[in-house]
Each structure stands twice: as C-alpha cells, then as structure tokens.
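Below: the structure, in structure tokens.
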There are 2 protein chains.
Amino acid sequence: MNILLKYMSDFTLLSEEEQRAISESLRIDEYKKGKCLLRQGEVSAIKCYFVLKGCVRQFFIDESGKEVTSNFFMEEQAIPIINEQTQRDVSKYSFVCVEDCLLVVGDADSEKTMYHNYPQLETMVRKMMEINLDEMQEQYREFINSTPEERYTSVLRKRPHLIDRIPQHQLASYLGITPESLSRIKKRMKKTN
Amino acid sequence: MNILLKYMSDFTLLSEEEQRAISESLRIDEYKKGKCLLRQGEVSAIKCYFVLKGCVRQFFIDESGKEVTSNFFMEEQAIPIINEQTQRDVSKYSFVCVEDCLLVVGDADSEKTMYHNYPQLETMVRKMMEINLDEMQEQYREFINSTPEERYTSVLRKRPHLIDRIPQHQLASYLGITPESLSRIKKRMKKTN
DNA sequence: ACTTTTCATTGACTTATGTTAATTCTTTGA
DNA sequence: TCAAAGAATTAACATAAGTCAATGAAAAGT
C-alpha cells in the first residue's frame with residue numbers, strides 16, 4: 001500500500017487520515033499471471049486500473065489478424081480503460097496480466113461518488129492524466145524520430161526491467177517490428193561492442 | 001465563441017450563465033501566421049492553449065539538428081504546454097502558428113482560481129485530458145502498426161484538411177519520413193489508381 | 001523424462017526507405 | 001517583373017526491414 005500512499009502525497013494535499021480513508025474505500029484485487037482483465041470487443045464496467053505490483057500488457061488484433069502490443073504497464077502506472085466518450089463502446093484492446101498482479105480497480109460507478117467525497121482526488125487524477133499525456137507524447141515523438149534500432153536501445157535505457165519480464169516477440173511488436181528484425185538488431189549490436 | 005460554448009456544454013452541466021461567465025474570464029488572443037508561441041528551451045508561464053481558429057505546429061530540433069514535427073493542432077483541439085511536473089523545466093518543443101490563429105490562452109496562475117470558482121471546470125478539463133490521452137494512444141498504436149504509406153493514407157482520411165494547410169516537408173516529418181519518401185509514396189499511389 | 005508446441009535465431013530474397021545530388025517548380029521580396 | 005531562395009520531385013545507390021522458410025532452443029504438458 002505504501003506505493004499508493006506515496007503516490008497520493010506526491011499529487012495531493014490530502015491529510016494522512018483522508019489518504020487512509022481513500023485507500024480503504026478502494027477496491028484492490030489480485031490476479032494470476034495470464035488473467036485477462038478485458039477482452040477486445042467487450043464492454044467494460046471498469047474505468048481504470050492502477051498497478052501496485054506486476055505487469056499488464058495492452059494489445060489488439062489488427063484487421064489482418066496480427067497481434068500488436070501497444071503497451072506494458074508496470075508498478076506505479078495507471079491503465080486507462082475507458083473514458084466518458086468510450087464507455088459505451090466495445091474495447092479496442094485486450095488487457096492481460098503478464099505476471100501475477102496487484103491492482104487498484106477503478107470502476108465507473110464509484111468514480112463520481114469518490115470525487116464528490118474527496119474533491120482533491122479529482123485534482124490528483126487530472127494531474128495524473130496530464131502527466132500520462134505528456135509521457136505518451138514524449139514516447140510518440142521519440143518513436144517517430146527513431147529507427148527500430150534506436151527504439152530498442154531507448155527501451156533498454158528507459159525500461160531496463162521490461163526486457164527481462166516479457167517475451168521477445170511481444171517486445172518486437174511493442175517496438176513496431178518483426179521478431180526476426182529484433183533478433184538481427186540484437187546481433188548487430190553485439191558485434192559493434 | 002460558439003465553438004467554446006459548444007465544447008463546454010458537451011462536457012459539463014454548467015448553466016448557460018456560468019458558461020458565459022467562464023467565457024468572459026478567459027483570455028483569448030489573436031496571433032499572426034508565423035508567430036512563435038513558445039520556443040524550445042524556454043520556460044513558459046502558459047499552461048495550455050485551446051484552438052478556436054487556425055493551426056499551430058508543435059516541433060523540436062533533435063540532437064542532429066533536424067527539425068521534427070510532432071503535431072498539428074487545429075480547431076477544437078487543446079494544446080498542452082506544461083503540467084505540474086514540467087512547469088519548471090524548459091520546453092522540449094516549439095509552438096508556432098502555421099496560420100492566423102484565435103486561441104484561448106490558459107495561464108498557470110489563473111488555473112487554480114478558475115477551478116476554485118467553477119469546480120465543474122476541473123471536471124471538464126479532466127475529461128478532456130482523458131479523451132486527449134485516448135486519441136494520443138490511438139494515434140500511437142496506428143503509427144506503430146503502419147507503414148509510412150499507410151500512415152499517409154490514414155492522415156488523408158482522418159485529417160483531410162491538413163494536407164492543404166501545411167507544406168509537404170512538415171507533413172513528411174509529422175509522418176516520420178523524409179520529404180523524398182513522401183513524394184515517392186504519392187507518386188506510387190497515383191499509379192495504382 | 002519425453003514429446004509437443006511455442007519461441008528465437010538464421011539465411012535468402014524482395015522491397016521500401018534514407019541519403020546525396022541534380023533538376024524543376026513555387027514563392028518571396030527587392 | 002525578375003532574381004533569389006525555398007520546396008517538391010526525380011534519380012542512383014546503399015542499407016535495413018519485411019517475408020518466407022528452415023533450424024535450433026526453450027517451455028509446457030503429459
């Protein structure tokens with residue numbers, strides 16, 4: 001739980017008591033490795049998750065039937081599932097636990113109530129969204145301006161644990177390349193060293 | 001102004017009077033084509049803009065001196081400039097008006113006051129952020145999973161006006177390719193038709 | 001422990017992009 | 001109006017990624 005309290009105190013001015021009260025009214029669930037949180041094409045009652053422990057993969061199957069990994073969420077990251085616009089739509093993505101996970105579960109129903117009881121919580125969420133957006137933008141800009149090889153080295157640098165925690169072909173699709181190409185990149189880099 | 005009122009009524013339950021009151025306390029500025037709103041490496045007092053009319057280009061100069069366009073913001077789009085985390089940092093991007101613009105200017109100082117006076121405004125902003133994030137994610141996922149040619153056709157479909165309003169080489173860098181490559185793609189596509 | 005399946009690597013080949021450079025076309029400003 | 005600068009196109013060549021196919025390694029299930 002420390003991780004959550006730490007997060008809250010970084011982003012709010014809530015008292016310790018309020019923080020504890022909030023923590024206690026949150027739903028926190030454990031999921032086994034391989035558990036599917038939401039399947040592409042289904043409608044979700046869950047608004048978001050917050051990763052306390054473990055790793056969740058976000059991916060989708062494209063028109064040609066290929067599986068494309070769009071993100072990995074790990075400790076201290078928020079997983080946006082639906083928003084005001086998309087809550088009635090079927091999900092474009094699947095979310096699956098790559099490891100055993102401990103997640104805060106944010107369901108859409110209790111959201112309003114929580115914000116009403118703790119207005120500062122909405123401020124926190126807004127700031128989180130701003131930061132998420134910024135990170136996403138950063139990631140995008142780097143992706144645009146990089147070769148696959150540079151993208152790979154960038155991930156090595158920024159998320160060094162990732163490479164140990166997930167299989168190669170998923171990393172490849174996360175980088176937007178084929179597993180074969182990732183294999184060759186690694187080979188090429190070993191030689192240059 | 002209609003565009004702003006429309007936006008507010010889509011995202012809030014504010015009364016018309018409140019909406020008008022908010023509109024009137026907003027700062028709205030005109031900028032000439034070519035005007036630089038913020039230069040890469042400078043610190044900004046502005047938190048964000050909201051485009052009522054015109055087009056703003058976001059870009060940066062990378063390590064090798066190459067100019068990379070990361071986005072174009074047009075009517076009804078919000079331009080996030082800084083957030084809680086980045087407000088003391090120098091900007092990684094430059095923002096320049098590609099056309100004459102009419103923009104709502106959101107400065108960091110008045111933000112808190114506004115949220116305090118109109119709590120629903122923060123709700124609106126939070127929802128906007130959620131939607132922005134979703135769009136950004138969608139754009140990213142499409143980018144990863146596409147060839148340059150597919151990226152081009154996708155932009156043609158999704159932002160048909162864009163191609164008429166900006167020069168080719170900026171579009172090319174927005175697509176993450178060279179101007180030469182974009183030229184060849186267009187040529188190839190003409191033949192196939 | 002062994003079989004089966006899935007995953008990672010390697011090779012051969014095709015193709016699209018990056019790079020460099022030259023040429024044509026457009027815009028801008030004197 | 002014309003000259004100069006900036007953009008877009010085209011060509012030639014090198015390189016790296018995609019595809020298809022085969023092999024080798026690891027993981028999973030019996």
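No hydrogens, no waters, no symmetry mates; every other heavy atom, side chains included, goes into these values. Order of the sequence lines sets the chain letters (A, B, ...), proteins ahead of strands, with each chain counted from 1.
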Could you tell me whether the side chain of [Y] reaches within less than 4.5 Å of the side chain of [X], counting heavy atoms only?
X        : Y        : value
A:Gln168 : A:Lys186 : yes
B:Cys55  : B:Glu99  : yes
A:Ile79  : A:Cys48  : no

Please confirm whether the backbone N or O of B:Ser146 pairs with a side-chain atom of B:Arg151, one donor and one acceptor, at under 3.5 Å? yes

If the sugar-phosphate is the primed atoms plus P, OP1 and OP2 and the base is the rest, what is the B/S/- string for nucleotides 15-30 of chain D, using protein heavy atoms under 4.0 Å? -SSBBB----------

Can you find a side-chain donor-acceptor pair between [X] and [Y] that sits under 3.5 Å?
X        : Y        : answer
B:Gln170 : B:Tyr174 : no
A:Ser110 : A:Asp107 : yes
B:Tyr140 : A:Gln139 : yes

Using a 6.0 Å cut-off, check whether atom CZ of B:Arg157 has over 12 heavy atoms from anything other than its own residue. yes

Span of DNA chain C in contact with chain B (heavy atoms, under 4.0 Å): C:dA16 to C:dA21

Does any residue of residues 159-174 of chain B have a heavy atom under 4.0 Å from DNA chain D, and if so, which ones, in number order? B:Pro167, B:Gln168, B:His169

Is the centre of the B:Phe143 ring less than 6.0 Å from the centre of the A:Phe143 ring? yes

